[in-house]
Amino acid sequence: MNKKSILITGGAGFIGSHVVRRFVTNYPDYLIVNADALTYAGNLENLKDVTNEANYAFEHVDICDENAITAIFEKYNIDGVIHLAAESHVDRSISDPMSFVKTNLLGTTNLLHIAKKQWAGNFEGKKFYHISTDEVFGSLEMDKGFFTEETAYDPRSPYSASKAGSDHMVRAFYHTYHLPCVISNCSNNYGPNHFPEKLIPLMINNILHNKPLPVYGKGENVRDWLHVKDHARAIDLIFHEGVPGETYNIGGHNEWKNIDLVFLLCDLVDEKLSKPLGESRKLITYVTDRAGHDLRYAIDASKIERTLGWTPDYTFEQGLSETVDWYLSNESWLKNVTSGAYLHYYSAQYGK
Ligand code: NAD
Ligand code: TYD
C-alpha cells in the first residue's frame, strides 16, 4: 500500500475537475485534497459524482493565503502537489492583468514557499507538479515549426507572461532549494465542463441559443487541440514518473484554424439536431481581433511519447463529437454556469 496525501489546486475548474476525478477514482489509497477559491471559473458541480468519496476532501481557499495553505499542509500531511489553480482566460488577462499576476505568479510562489518550508529539506517521496501552458513559448509562424521543451520563452499576453513567470519561479525553487519540481506545458484543451467563455464551449452554447458566433479577426489563427481526458492521463503519468527538474510538452498534433473549427462545430450541431446543413454557419460573425493575438500554437510532444510512453487516446473526430453530445445532454450545466447559479452550489453543498 502506498498512502499519499495529494493537494490538487484548482480542482473545481475545467481541467482540475477531470484530474481530481481521475485520482479519486484510480487511487483509493491516496487522499485527494482539492484546494480551490471558487472564482467564477470554479464549479463544484463538476465534481458532484466524487464529492462523497472517502478519499476526497475539499478546502475553500485562495492559493495566495499563506496561513490557510500552511494549515492545509499540516492538517493533511501533504506529500505531493498538483498545481492547476490559475486565472486562465487570455481575454480577461487583457482587461485585468493584476488578477493574473496575483494568482498565477504570487499564488504559485506562495505554494512553492510553503511546500519547501513544510517538507523542510526532506524531499523523499515528495513532488511539486506545476501545470503550465504552451502559450509561454509565444507564437509560431504559419506551418513552420513546433514548440519543444528547448524553445525559448517568449510570452506575449498578460496570461502567458504570468504563467511564464510562474514556470520560472518553479525552476528557481528546483535549482536553488532542490525542491523536487516538475512542469508540463500543454496545448489547448477541450471536452466536458469547459467554461463557455473559451472558443469551443462558447460556440456550442451560442449555436444552441441562436446567438452570433464571434470569430476574432479573419479566423486564421491556429490552435492545437487535445482532449482534456488525454491531458489528465498525461498529468497522472508525469506526477508518478516525471523526473524532477524536467519539463514535458503535451499535445496531440491536432492543429486547426479557428474558422475551420467553428465550421466543423456548426455542422456537427446541425447534424445532431437534424437542422438543415449550413443553418448554424449563418450565425458566424467576424469581430475585431484580440489585441496581440498569437497566430499559431503547435506542440512537439515527442519527449513525453519517448520517455513516458504517452500518446493521446482520442481522435479529434471522436472527442469533438462526444463533447458536442455532452453539451447537448447537459443543458442545465450550461444554464447554471451562464446564469451564475452554480456559484451557489458551494453553500448548498457545504452549508456555508
Ligand atoms: P479554469 O479557469 O477552468 O479553472 C481554474 C480553477 O482555479 C478554478 O476552479 C478557479 O476557481 C481556481 N482558482 C483561480 N484562482 C484561484 C486562487 N487564487 N486560489 C485558488 N483557486 C483558484 O482553468 P483550466 O482551463 O482548468 O486550467 C487549469 C490549469 O491548466 C491552469 O493552470 C492553466 O494555465 C493550465 N492550462 C490550461 C489549458 C486549457 O486549454 N484550458 C491548456 C494548458 C494549460
Ligand atoms: P481561447 O479558447 O480563448 O483559448 P486561447 O486564447 O488560450 O488559445 O481561444 C482560442 C482561439 O479562438 C484563439 O485564437 C482566440 C479565438 N476566439 C475567437 O475567435 N472567438 C472567441 O469568442 C473566443 C473566446 C476565442
Side-chain angles (χ1 to χ4, degrees), residues 8-20 34-44 46-47 59-65 68-69 82-94 99-100 102-104 106-108 110-111 130-136 139 157 159-160 162-163 166-167 184-191 193-203 205-206 212-228 231-232 235 249-251 256-259 261-262 284-290 292-297 299 337 343 346:
I8 300 185
T9 70
F14 167 46
I15 303 171
S17 60
H18 287 272
V19 175
V20 165
N34 172 15
D36 199 297
L38 300 181
T39 68
Y40 79 95
N43 181 1
L44 285 176
N46 294 345
L47 288 168
E59 293 286 345
H60 188 192
V61 68
D62 188 323
I63 56 164
C64 300
D65 184 334
I69 297 289
I82 304 179
H83 172 38
L84 295 113
E87 287 294 338
S88 70
H89 191 205
V90 174
D91 291 327
R92 285 180 188 255
S93 82
I94 293 168
S99 302
F100 286 69
K102 277 187 198 136
T103 289
N104 299 358
L106 299 182
T108 301
N110 190 45
L111 285 172
H130 175 62
I131 309 300
S132 193
T133 163
D134 60 355
E135 304 190 23
V136 297
S139 179
S157 72
Y159 165 64
S160 55
S162 67
K163 290 295 290 189
S166 66
D167 292 12
S184 59
N185 297 87
C186 188
S187 62
N188 288 62
N189 284 212
Y190 72 96
N193 305 105
H194 204 180
F195 196 84
E197 66 182 357
K198 306 276 175 74
L199 181 73
I200 291 181
L202 179 106
M203 293 296 163
N205 188 41
N206 284 12
L213 309 179
V215 172
Y216 297 167
K218 294 182 180 151
E220 295 286 317
N221 303 63
V222 171
R223 297 294 182 264
D224 182 357
W225 295 94
L226 181 74
H227 196 283
V228 64
H231 189 190
I235 288 174
N249 279 1
I250 310 170
W256 283 82
K257 270 190 189 163
N258 291 338
I259 188 62
L261 178 51
V262 174
I284 292 173
T285 310
Y286 293 91
V287 298
T288 308
D289 207 355
R290 171 187 282 172
H293 197 172
D294 287 340
L295 181 62
R296 173 174 168 254
Y297 304 141
I299 281 277
V337 292
L343 295 169
Y346 171 71

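Computed from a predicted model, the values in this text were never measured in an experiment. Indexing begins at 1, ligand by ligand and atom by atom, following the structure's order.
Between W225 and ligand 2, no N or O atom pair is found at a separation short of 3.5 Å. For a threshold of 3.5 Å applied to N or O pairs, the pair formed by T133 and ligand 1 contains no separation below that value. When only interatomic distances are considered, the shortest N/O to N/O separation between P214 and ligand 2 falls below 3.5 Å. The shortest N or O to N or O distance between D91 and ligand 2 is not below 3.5 Å. Distances between N or O atoms of N189 and those of ligand 1 include at least one value under 3.5 Å. An N or O contact shorter than 3.5 Å links R223 to ligand 2 by distance. The shortest N or O to N or O distance between N188 and ligand 1 is not under 3.5 Å. Between H231 and ligand 1, no N or O atom pair is found at a separation short of 3.5 Å. Ligand 2 has a nitrogen or oxygen under 3.5 angstrom from a nitrogen or oxygen of L199.
Below 4.0 Å from some heavy atom of V215 lie the following atoms of ligand 2, by number and element: 19 (O). Listed by number with element, the atoms of ligand 2 under 4.0 angstrom from any heavy atom of V90 are 6 (O), 7 (O). Interface atoms of ligand 2 facing N258, defined by a heavy-atom separation under 4.0 Å, are 11 (C), 12 (O), 13 (C), 14 (O), 16 (C). Interface atoms of ligand 2 facing H293, defined by a heavy-atom separation under 4.0 Å, are 13 (C), 14 (O), 15 (C). Listed by number with element, the atoms of ligand 1 under 4.0 Å from a non-hydrogen atom of V61 are 19 (N), 20 (C). Applying the 4.0 Å criterion to heavy atoms of L202 picks out, from ligand 2, the atoms 22 (O). Residue-ligand proximity, L38 to ligand 1, at heavy-atom distances under 4.0 Å covers atoms 11 (O). Within ligand 1, the atoms closer than 4.0 Å to a non-hydrogen atom of I131 are 30 (O), 32 (O), numbered from 1 in the order shown. Per-residue contacts place D62 under 4.0 angstrom from the following atoms of ligand 1 (heavy atoms of the residue considered): 17 (C), 18 (N), 19 (N). Set against the non-hydrogen atoms of H89, the atoms of ligand 2 under 4.0 Å away are 3 (O).
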* Applying side chain to side chain contact (heavy atoms under 4.5 Å, CB included), run through Y216 and N221 and close with a yes or a no. => CA-CA 9 Å; Y216 297 167; N221 303 63; 5.9 Å; no
* Would you check, one step at a time, whether the test side chain to side chain contact (heavy atoms under 4.5 Å, CB included) holds for I259 with Y286? => CA-CA 10 Å; I259 188 62; Y286 293 91; 3.2 Å; yes
* Before giving the answer on side chain to side chain contact (heavy atoms under 4.5 Å, CB included), spell out for H231 and I15 the whole-Å C-alpha distance, their side-chain angles and the decisive distance to 0.1 Å. => CA-CA 8 Å; H231 189 190; I15 303 171; 3.8 Å; yes
* Between N189 and H18, does a side chain to side chain contact (heavy atoms under 4.5 Å, CB included) hold up when you go through it step by step? -> CA-CA 12 Å; N189 284 212; H18 287 272; over 6 Å; no
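Of all protein heavy atoms, the one closest to atom 19 (N) of ligand 1 is I63 N, 3.0 Å. Of all protein heavy atoms, the one lying nearest to atom 36 (N) of ligand 1 is I15 CD1, 3.9 Å. For atom 44 (C) of ligand 1, the closest heavy atom belonging to the protein is S132 O, 3.1 Å. Scanning the protein for heavy atoms near atom 20 (C) of ligand 1, the closest one is A37 N, 3.2 Å. Remark: minimum distance from atom 25 (O) of ligand 1 to any protein heavy atom is reached at F14 CD2, 3.8 Å. Protein heavy atom nearest atom 4 (O) of ligand 1, with residue, atom name and distance: G13 CA, 3.4 Å. Nearest protein neighbour of atom 1 (P) of ligand 1, counting heavy atoms only, is S88 OG, 3.6 Å. With respect to atom 3 (O) of ligand 2, the closest heavy atom belonging to the protein is R290 NH2, 3.1 Å. Taking atom 7 (O) of ligand 2 as the reference point, the nearest protein heavy-atom neighbour is E135 OE2, 2.6 Å. In terms of protein heavy-atom proximity, atom 32 (O) of ligand 1 is nearest to K163 NZ, 2.7 Å.
Taking every heavy atom of both residues into account, G10 and N34 meet most closely at C-OD1, 4.3 Å. N185 and T133 get closest at one heavy-atom pair: ND2-O, 3.0 Å. Of all heavy-atom pairs spanning L261 and W256, the tightest one is N-CE3, 4.0 Å.
N205 places no side-chain N or O within donor-acceptor distance of the main-chain N or O of P196, the cut-off being under 3.5 Å. Remark: the backbone N or O of A86 is not paired with any side-chain donor or acceptor of N104 at under 3.5 angstrom. Under a 3.5 Å cut-off, the side chain of D36 and the backbone N or O of A85 do not form any donor-acceptor pair.
Under a 4.0 Å heavy-atom criterion, D36 is in contact with ligand 1. The closest approach between G11 and ligand 1 stays at or above 4.0 Å for every heavy atom of the residue. Put simply, part of Y159 is less than 4.0 Å from ligand 1, judged by heavy atoms. Under a 4.0 Å heavy-atom criterion, N43 is not in contact with ligand 1.
Neither the backbone nor the side chain of V287 has any atom closer than 4.0 Å to an atom of ligand 2 (non-hydrogen atoms only). Here N104 has no heavy atoms under 4.0 Å from ligand 1, in either its backbone or its side chain. The proximity of E197 to ligand 2, defined as any non-hydrogen pair under 4.0 Å, is limited to the backbone. If you look at N188 next to ligand 2, the close heavy atoms, those under 4.0 Å, all belong to the side chain.
Residues D294 and R223 have side chains in contact (heavy-atom distance under 4.5 Å, counting atoms from C-beta outward). Counting heavy atoms from C-beta outward, F100 and K163 have side chains that stay 4.5 Å or more apart. The shortest distance between side-chain heavy atoms of N110 and I63 does not fall below 4.5 Å. Here the side chains of C186 and I235 are not in contact, with every heavy-atom distance at 4.5 Å or above.
Every residue two or more places apart in sequence or in another chain that forms a salt bridge (Lys or Arg N to Asp or Glu O under 4.0 Å) with K257 is listed here: E220. Listed by chain and residue number, nothing satisfies the salt bridge (Lys or Arg N to Asp or Glu O under 4.0 Å) test with D65 (two or more places apart in sequence, or in another chain).
When T9, V20, I131 are each tested for a side-chain contact (heavy atoms from CB on, under 4.5 Å) with I82, only one passes: I131.
Side-chain contact check for E87 and Y159: no donor-acceptor pair (N or O, by modelled atom type) lies under 3.5 Å. If you check the side chains of H130 and T108, you find no donor sitting under 3.5 Å from an acceptor. Side-chain atoms of S17 and N193 form no donor-acceptor pair, as typed in the model, at a separation below 3.5 Å.
H194 and F14 have parallel rings, their planes meeting at less than 30° on a 0 to 90° scale where 60° marks the start of perpendicular.
The heavy atom nearest to atom 18 (C) of ligand 2, considering only Y286, Y297, Y216, is found in Y216.
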